[in-house]
Student: 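Dropping the structure in here first, questions after.
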Amino acid sequence: QLQASGGGLVQPGGSLRLSCTASGFSFNGYAVGWFRQAPGKGREAVSCINSSGGRRFYAASVKGRFTVSRENAEDTVYLQMNSLKPEDTAVYYCARFPGSNPITSTWATPVQYDFWGRGTQVTVSS
């Protein structure tokens, strides 16, 4: 199972760091993606990091504000979110990509991922 954590209520311009941990299996050797879903909207890709951490993908809406990273020794993937906006409000999910190196045409597609965790709510509001 995967578990995303670290969400909460933050004011516009604030920061949060989300964590994604796995139980029952290891992230090592797999890419991990972050997605979000706002009420009434579909699941949107946010970011993805390959297995080594050397390649990262970002949605245009978060590029320059969010940073994905991983600590393979701890089997944890992080999403640092800065300069948060009200439109970032959503439930955030992490998911395992069944491979080590997704490509540009696949990383943002939810059906490409094989394991999903419970999400964590992020609310950006004053």
Side-chain angles (χ1 to χ4, degrees):
Q1 292 185 339
L2 302 181
Q3 177 67 58
S5 62
L9 173 64
V10 63
Q11 292 186 343
S15 298
L16 283 173
R17 188 176 80 158
L18 306 185
S19 299
C20 178
T21 56
S23 62
F25 63 91
S26 173
F27 278 143
N28 288 343
Y30 296 96
V32 176
W34 285 97
F35 291 78
R36 66 187 182 187
Q37 189 163 15
K41 296 188 177 181
R43 194 159 292 189
E44 175 191 18
V46 175
S47 183
C48 181
I49 187 167
N50 75 344
S51 60
S52 68
R55 192 173 185 194
R56 307 173 190 190
F57 302 86
Y58 296 98
S61 59
V62 306
K63 199 167 186 178
R65 300 187 297 121
F66 290 12
T67 302
V68 63
S69 62
R70 65 190 299 157
E71 182 57 64
N72 284 338
E74 297 178 0
D75 234 353
T76 303
V77 175
Y78 301 99
L79 184 69
Q80 177 67 43
M81 306 187 296
N82 298 330
S83 302
L84 283 161
K85 305 175 181 180
E87 51 264 44
D88 294 318
T89 295
V91 178
Y92 284 70
Y93 301 88
C94 58
R96 190 185 79 168
F97 186 87
S100 59
N101 283 293
I103 58 177
T104 303
S105 62
T106 60
W107 80 268
T109 307
V111 296
Q112 298 286 345
Y113 292 74
D114 58 359
F115 281 101
W116 291 80
R118 289 185 175 183
T120 185
Q121 176 71 47
V122 172
T123 302
V124 184
S125 175
S126 55

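Everything numeric in this text was worked out from a predicted model, so none of it was measured.
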Student: Can you tell me how far OG of Ser52 sits from CG of Asn28, rounded to the nearest 0.5 angstrom?
Tutor: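 Here the rounded value is 11.5 Å.
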
Student: Could you grab the distance from atom CD of Gln3 to atom OG of Ser19, nearest 0.5 Å is fine?
Tutor: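 If I round to the nearest 0.5 Å, the distance is 10.5 Å.
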
Student: Does the pair Met81 and Val124 meet the rule for a side chain to side chain contact (heavy atoms under 4.5 Å, CB included), with working shown?
Tutor: CA-CA 11 Å; Met81 306 187 296; Val124 184; over 6 Å; no

Student: Find out whether Arg65 and Asp88 are in side-chain contact, i.e. whether some heavy atom of one side chain is under 4.5 Å from a heavy atom of the other.
Tutor: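 Answer yes - side chains close enough.
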
Student: Report yes or no: is the cationic atom of Arg55 (NZ for Lys, CZ for Arg) closer than 6.0 Å to the six-membered ring centre of Trp107, at no more than 45° off its axis?
Tutor: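 Not flagged: Arg55 not positioned over aromatic ring of Trp107.
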
Student: Do Ser47 and Leu79 have side chains that approach each other closer than 4.5 Å (heavy atoms only, starting at C-beta)?
Tutor: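 Result yes, sub-4.5 Å side-chain heavy-atom pair found.
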
Student: A side-chain contact here means heavy atoms from C-beta on lying under 4.5 Å apart; do Thr89 and Gln121 qualify?
Tutor: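 They are in contact (side-chain heavy atoms under 4.5 Å apart), so the answer is yes.
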
Student: With clusters defined by side-chain heavy atoms of hydrophobic residues (ILVMFWY) lying less than 4.5 Å apart, directly or transitively, does Leu2 cluster with Leu18?
Tutor: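 Cluster IDs for Leu18 and Leu2 match.
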
Student: With a 4.5 Å cut-off on side-chain heavy atoms, are Tyr93 and Pro110 touching?
Tutor: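 Answer no - side chains too far apart.
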
Student: Does the pair Tyr30 and Phe115 meet the rule for a ring pair (Phe, Tyr, Trp, His ring centres under 6.0 Å), with working shown?
Tutor: CA-CA 11 Å; Tyr30 296 96; Phe115 281 101; 8.6 Å; no

Student: Specify the closest pair of heavy atoms between Ser100 and Ala31, including all atoms of both residues, with the distance to one decimal.
Tutor: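 Closest approach of Ser100 to Ala31, heavy atoms only: O-CB, 3.9 Å.
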
Student: If you define the side chain from C-beta out and look only at heavy atoms, does anything of Val68 sit under 4.5 Å from Phe57?
Tutor: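 Heavy-atom side-chain distance check fails, nothing below 4.5 Å.
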
Student: Find out whether Trp116 and Arg43 are in side-chain contact, i.e. whether some heavy atom of one side chain is under 4.5 Å from a heavy atom of the other.
Tutor: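 Answer yes - side chains close enough.
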
Student: Might you point out which heavy atoms bring Ser15 and Ser83 nearest each other, and give the distance in Å?
Tutor: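 Nearest heavy atoms, Ser15 then Ser83: OG-N, 4.3 Å.
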
Student: Are Thr21 and Phe27 close enough that some pair of their side-chain heavy atoms sits under 4.5 Å apart?
Tutor: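 Counting from C-beta outward, Thr21 and Phe27 never come under 4.5 Å.
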
Student: When rounded to the nearest 0.5 angstrom, what is the spacing between CZ in Arg56 and NZ in Lys63?
Tutor: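 Here the interatomic distance stands at 12.5 Å.
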
Student: Out of the candidates Asn50, Thr106, Val32, only one should pair with Phe97 under the side chain to side chain contact (heavy atoms under 4.5 Å, CB included) rule; please name it.
Tutor: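 Among Asn50, Thr106, Val32, the one meeting side chain to side chain contact (heavy atoms under 4.5 Å, CB included) with Phe97 is Thr106.
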
Student: Taking it one step at a time, do Cys48 and Gln112 satisfy side chain to side chain contact (heavy atoms under 4.5 Å, CB included)?
Tutor: CA-CA 12 Å; Cys48 181; Gln112 298 286 345; over 6 Å; no

Student: Within a strict 4.5 Å, meaning less than it, do heavy atoms of the Glu44 and Val62 side chains meet?
Tutor: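 No, side chains not in contact.
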
Student: Can you get from Val91 to Tyr113 by hopping between Ile, Leu, Val, Met, Phe, Trp and Tyr side chains that sit under 4.5 Å apart?
Tutor: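 Same hydrophobic cluster.
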
Student: So, taking the atom named SG in Cys20 and the one named CZ in Arg118, what distance separates them when rounded to the nearest 0.5 Å?
Tutor: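 CZ of Arg118 is found 14.0 Å from SG of Cys20.
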
Student: Can you confirm whether Gln1 is buried at CD, in the sense that more than 12 heavy atoms of other residues, nucleotides or ligands lie under 6.0 Å from that atom?
Tutor: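 Open.
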
Student: Look at the side chain of Asn72 and the backbone N and O of Ser51, then say whether any donor-acceptor pair between them is shorter than 3.5 Å.
Tutor: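 Here the side-chain-to-backbone pair exists.
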
Student: Tell me whether Val77 is reachable from Tyr58 by hopping between hydrophobic residues (I, L, V, M, F, W, Y) whose side-chain heavy atoms are closer than 4.5 Å.
Tutor: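 Yes, Tyr58 connects to Val77 through the hydrophobic network.
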
Student: Looking only at non-hydrogen atoms, find the nearest pair between Gly7 and Val122 and report the distance.
Tutor: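 Closest approach of Gly7 to Val122: CA-CG2, 4.1 Å.
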
